[in-house]
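Just so it is clear, the structure is predicted and the values come from calculations on it, not from any experiment.
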Amino acid sequence: MTETDNKTRYGRIVVIFIALAIVIAAFVLFITMNNERISEQNTKYLQGSTEQSARRISEWMTDSQTEIKLLSSMYESTLSSVDEISADGIEQLANYTKFDYTTISLADGRTIDDRGQVADASDREYFVRGFEGESGVCAVDNSLFYDDLSVVFYTPLFFEGDVVGVISGAYREDSMEKFLRTYIFGEQTNTYLLARNGDVMAHSSITYTNGVKNAVDLYLEEDSSGNISRNDLESSLENGVSVTFNYVGDSGSGTAYVMPIENYDWLIMRTFPNSITDGMQSRANAVGLMLVALVGGALALVAGFLLVQVMRQRRKLLSESEHVTSIVNSSLALFQRFAVIDLVDNTYEYLKDEGIKDDLPRNGEYHMFRYYWQTRFCDDEEAERMKAELMPEFIRENLTPDVSHLYFEYRLKDPETDEVRWLQASMLPLQRDAAKQVTSVLLSVQDVTDVKEREIANRIALEDAFREAERASRAKTDFLNSMSHDIRTPMNSIMGLTAIASMYLDDPERVKDCLTKITASSRHLLGLINEVLDMAKIESGNLGLSEEDFDLPETVESLLSIMTPQVNDKKLNLKVEIADIQHEHVVGDPMRLQQVFVNIMGNSVKFTPEGGTVSLRIKELPSRVKGSGCYEFTFSDTGCGMSEDFVKTVFEPFTRANDSRVTKVEGTGLGMSIVRSVVNLMNGTIDVKSKLGEGTTFTVTVYMKLRDGDDQDLTPLEGLRVLVADDEEAAAESACEVLKSIGMEPDYVLSGEDAVEAVRHSVEDERSYVAVILDWKMPGKSGIEAAREIREIVSDDMPIIILSAYDWTAVEQEARSVGVDAFIAKPLFKSRLVHVMKGLLTSEEESEPTSEYEVLKQSDFSGHRVLLTEDNSIAAAIALDIMGMTGLEVDHAENGRIAVEKLLDAEPGYYDLVFMDIQMPVMNGYESASAIRAAAEGKGLDDTTITPRPDLGEIPIVALTADAFADDVARARAAGMNAHMSKPMEIELLVKTLKEWL
């Protein structure tokens with residue numbers, strides 16, 4: 001080996017040792033810096049964690065203070081005298097708080113907690129300050145009842161402006177420890193609440209019992225690196241200034257951070273044990289050591305790796321060259337054209353010229369290139385833009401060294417086919433001169449027509465969706481504005497009328513008038529709320545229909561009784577007729593059907609001007625569904641009508657016409673949407689035709705299951721002659737068809753004068769009619785005037801009946817005085833006609849309608865006892881009064897659990913029926929009904945075993961609740977209830993239910 005080789009070898013050894021020394025020095029420096037970084041990072045983490053906890057504790061203390069004040073206010077509202085202060089009241093209210101225990105202290109120091117324990121608190125800070133009228137929070141190291149460290153929130157209890165007690169709520173030591181417990185990187189750290197003198201008020205520390213009574217007890221003396229002085233620590237605590245210090249305790253040493261709690265004189269202190277920091281540093285140093293080992297190994301492998309690498313490099317370069325060539329060829333396939341443009345010589349050369357015809361050479365002058373494409377741009381504006389952007393000056397000015405490429409997007413039109421294509425072009429710099437100015441560029445062109453068309457289609461779709469969302473948003477905003485006005489209107493009426501009634505308590509008539517108007521406003525308000533709730537049910541897909549037996553005439557009469565006052569108020573003409581009604585007894589949801597009718601006819605009344613006409617025509621159509629009847633209801637009016645555009649959206653929610661004629665009409669804009677949804681659920685259809693200024697016609701077709709009606713003996717009516725008088729020929733013919741269907745022989749005339757003459761001639765020809773049916777309102781001689789003259793011709797034995805779609809109570813007295821025997825409401829249903837005719841001609845009495853008060857007075861359920869379960873005291877008081885008027889003995893339970901306990905404690909048969917509310921605390925109605933039924937099998941409350949009570953399996957349970965939807969009824973029955981009544985309570989339904997189950 002030569003001397004040169006030895007020098008080279010020694011030189012390499014020295015280089016290796018120097019490199020190793022550098023690695024070791026770097027490792028030591030790394031460890032030092034890493035340890036400092038971790039310590040600094042952990043200190044910041046400690047401060048950030050403590051600040052978050054301080055905010056949370058401040059919010060918790062504020063919430064607790066608010067809660068104890070609310071508790072005092074609630075308790076105060078229950079007092080009628082100071083003597084009523086007792087443990088029972090605080091025990092009931094304590095159920096609604098989060099405190100571990102709640103107390104009330106009286107003026108003599110006697111203190112009662114929510115478990116009935118009694119002690120003397122006269123020496124307690126919260127007692128003294130509370131009776132001084134202060135509210136606040138304090139900590140006690142030996143609580144009054146549990147002898148542990150507790151945090152107490154207190155506030156005075158006022159009665160008639162004087163402090164009569166102090167109410168406090170406390171969190172015990174265990175609760176505070178759980179609340180303050182914190183983990184950092186999986187290890188529990190200690191958190192303390194401190195007073196300004198450093199005393200511990202609450203803690204999460206397991207070391208508290210080992211003597212940490214004051215934060216200064218943990219202080220590590222000043223010889224600890226970076227630690228503050230003891231005096232500075234005590235001063236910071238006293239002044240409520242954030243401070244960090246090193247500590248040592250039974251559980252080890254570390255760093256502590258103290259900061260004030262906002263809005264309170266307390267401080268929070270959290271510790272960060274050195275064990276966590278040491279562990280983090282050890283792990284990081286281990287990683288560094290491993291890195292040094294890896295670097296050392298890497299140095300050993302470098303030489304061999306470099307040798308192998310040189311040998312492989314040549315083969316790799318060849319492979320990469322082939323790969324790059326493949327990529328370039330694949331990229332070229334994505335583009336139609338490539339051209340190199342020389343901006344100095346003003347020339348171009350196409351590398352790829354797909355789609356270019358022979359009239360443009362593959363290379364040539366650049367100004368010819370620009371002219372060729374300028375003539376093919378889609379329009380003049382685009383041609384001018386591209387003409388400017390293809391200029392050499394524009395390219396040099398914009399393709400600066402910090403710009404990687406220029407991007408163009410344009411359209412080209414084929415001059416022969418007029419086909420328009422979208423293209424994207426990019427210019428990339430190829431060469432630059434000494435001044436970094438571009439001298440040649442590569443132009444690439446790609447056809448993006450398909451992508452652009454999809455982009456345009458998506459943009460149009462997004463714009464359409466945006467406009468639709470904006471329209472829906474405006475509609476909902478308008479709806480909320482409308483609802484705000486519409487709800488306030490009846491609310492203002494209710495509040496105003498209530499005030500008026502209170503001022504005229506000695507004037508029964510004035511009070512009765514106010515109550516009547518309050519009832520009307522309340523029903524209007526309930527209708528608005530029901531529409532919103534129905535719409536929510538529809539949008540969530542939960543709207544359902546019930547199936548119950550009902551009579552079509554009753555539903556129609558109910559509709560007319562609702563709408564007639566509104567019709568009369570607006571002086572409208574009401575026309576109602578039926579045609580070919582063969583089946584009056586059906587199965588369906590009468591409430592929803594009436595909701596449809598009221599919404600449609602209500603709109604007709606709202607939007608028809610005074611003197612107009614509102615019509616209803618009912619017809620039974622041939623049914624294509626076996627076992628079901630098909631019914632067509634046609635609602636027409638001569639109102640303001642709707643535009644063609646609005647007709648298309650009339651069934652959309654929140655929609656109201658933007659028309660000065662209707663903007664002052666109250667409504668939610670939800671009615672017609674609900675109508676369509678209900679009709680769809682009934683497998684029906686709804687159609688609307690309208691014209692501005694002429695009126696609107698809604699046609700509703702629904703299918704309802706048929707049921708057998710009561711068989712009636714029509715023999716006594718067969719062959720009897722009846723005269724019908726109605727100024728509308730269609731209505732008269734319809735009435736005659738109904739009379740013929742029950743076996744009678746009708747004639748009809750079209751005026752009151754003709755009716756009088758027809759009766760006179762029948763008497764003269766000795767072919768007298770057995771009854772006369774007169775329309776109330778006819779031109780010329782009205783029904784009552786005609787009745788007066790007819791009664792002078794015939795005996796008192798021949799019935800005279802008034803037929804009208806209007807409420808006849810206004811003229812009942814006059815009608816009776818001229819000899820009218822009965823009244824039949826339009827439309828003339830077969831069952832109603834048979835009922836009246838048999839009552840008049842065969843001595844069958846017709847029951848007269850009574851008021852709700854009379855219904856209650858006529859109902860006698862004496863000797864029966866029911867259990868009313870209702871948590872709302874006002875609702876319970878109302879129900880107790882109403883039920884008591886029927887002679888019932890009523891017991892009251894405040895929630896479902898109490899109801900079950902009362903039934904279990906009572907002898908079998910003590911209660912005859914249970915009315916059950918649904919939404920209640922402790923135990924709701926469904927749970928209570930299930931528990932009552934389970935008691936029949938020997939299962940008591942809380943899964944206990946009891947003696948079976950078979951009577952509780954049979955006792956009727958009736959849901960009395962505001963949950964009034966079809967699925968609510970089904971859920972009540974599934975829970976074991978027998979029937980369902982919705983709130984507000986209807987008197988007639990209450991009596992009907994009591995008769996059914998008692």
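Asp113 places a side-chain N or O within 3.5 Å of a backbone atom of Arg115 that can act as its donor or acceptor partner. Here the side chain of Arg949 pairs a donor or acceptor atom with the backbone of Leu903 at under 3.5 angstrom. For the pair Ser930 (side chain) and Tyr926 (backbone), a donor-acceptor distance under 3.5 Å is present. For the pair Arg933 (side chain) and Gly976 (backbone), a donor-acceptor distance under 3.5 Å is present. Counting only distance, with no hydrogens or angles, the side chain of Ser928 and the backbone of Asn924 share no donor-acceptor pair below 3.5 Å.
Side chains of Asp860 and Ser862: a donor on one and an acceptor on the other come within 3.5 Å.
In this structure Asn872 satisfies the side-chain hydrogen bond (donor to acceptor under 3.5 Å, both in side chains) test with no other residue, sequence neighbours excluded.
The side-chain heavy atoms of Val836 and Ile801, taken from C-beta on, include a pair separated by under 4.5 Å. Side chains of Phe861 and Met883 form no contact here, defined as non-hydrogen atoms less than 4.5 Å apart. The closest side-chain heavy-atom distance from Val614 to Met601 is below 4.5 Å. Side-chain contact between Pro921 and Asp871 is present, with at least one heavy-atom pair separated by less than 4.5 Å. Put simply, the side chain of Pro948 does not reach to within 4.5 Å of the side chain of Glu937, judged on heavy atoms.
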Ser859 and Thr886: CA distance, side-chain angles, deciding distance, side chain to side chain donor-acceptor pair (under 3.5 Å) verdict: CA-CA 5 Å; Ser859 303; Thr886 67; over 6 Å; no
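Annotation: Lys570, atom NZ; neighbour count of heavy atoms from other residues, nucleotides and ligands within 6.0 Å is above 12. Within a 6.0 Å sphere centred on CD of Glu954, other residues, nucleotides and ligands contribute 12 heavy atoms or fewer. Counting heavy atoms of neighbouring residues, nucleotides and ligands inside a 6.0 Å radius, atom CG of Leu505 exceeds 12 of them.
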Mind listing the side-chain donor-acceptor pairs of residues 904-911 below 3.5 Å, one per line with the distance, residues two or more places apart or on another chain?
| from | atom 1 | to | atom 2 | distance (Å) |
| --- | --- | --- | --- | --- |
| Tyr910 | OH | Arg865 | NE | 3.4 |
| Tyr910 | OH | Arg865 | NH1 | 3.3 |
| Tyr911 | OH | Asp891 | OD2 | 2.7 |

Under 3.5 Å, which donor-acceptor pairs do the side chains of residues 155-163 form with other protein atoms, sequence neighbours left out?
| from | atom 1 | to | atom 2 | distance (Å) |
| --- | --- | --- | --- | --- |
| Thr155 | OG1 | Ser135 | OG | 2.7 |

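The two residues Val866 and Leu888 have their closest heavy-atom pair at CG1-CD2, 4.1 Å. The heavy-atom pair separating Leu868 from Ala876 by the smallest distance is CD2-O, 3.9 Å. Of all heavy-atom pairs between Ala875 and Glu870, the closest is CB-CD, 3.8 Å. Taking all atoms of both residues into account, the shortest heavy-atom contact from Thr97 to Glu67 is CA-OE2, 2.9 Å. Contact record, His892 with Lys902: O-CE, 3.4 Å, taken as the closest heavy-atom pair. What you find for Pro956 and Asn978 is that their closest heavy atoms are CA-OD1, 3.3 Å.
Between Glu901 and Arg897, at least one side-chain nitrogen of the basic residue sits less than 4.0 Å from a carboxylate oxygen of the acidic one, meeting the salt-bridge criterion.
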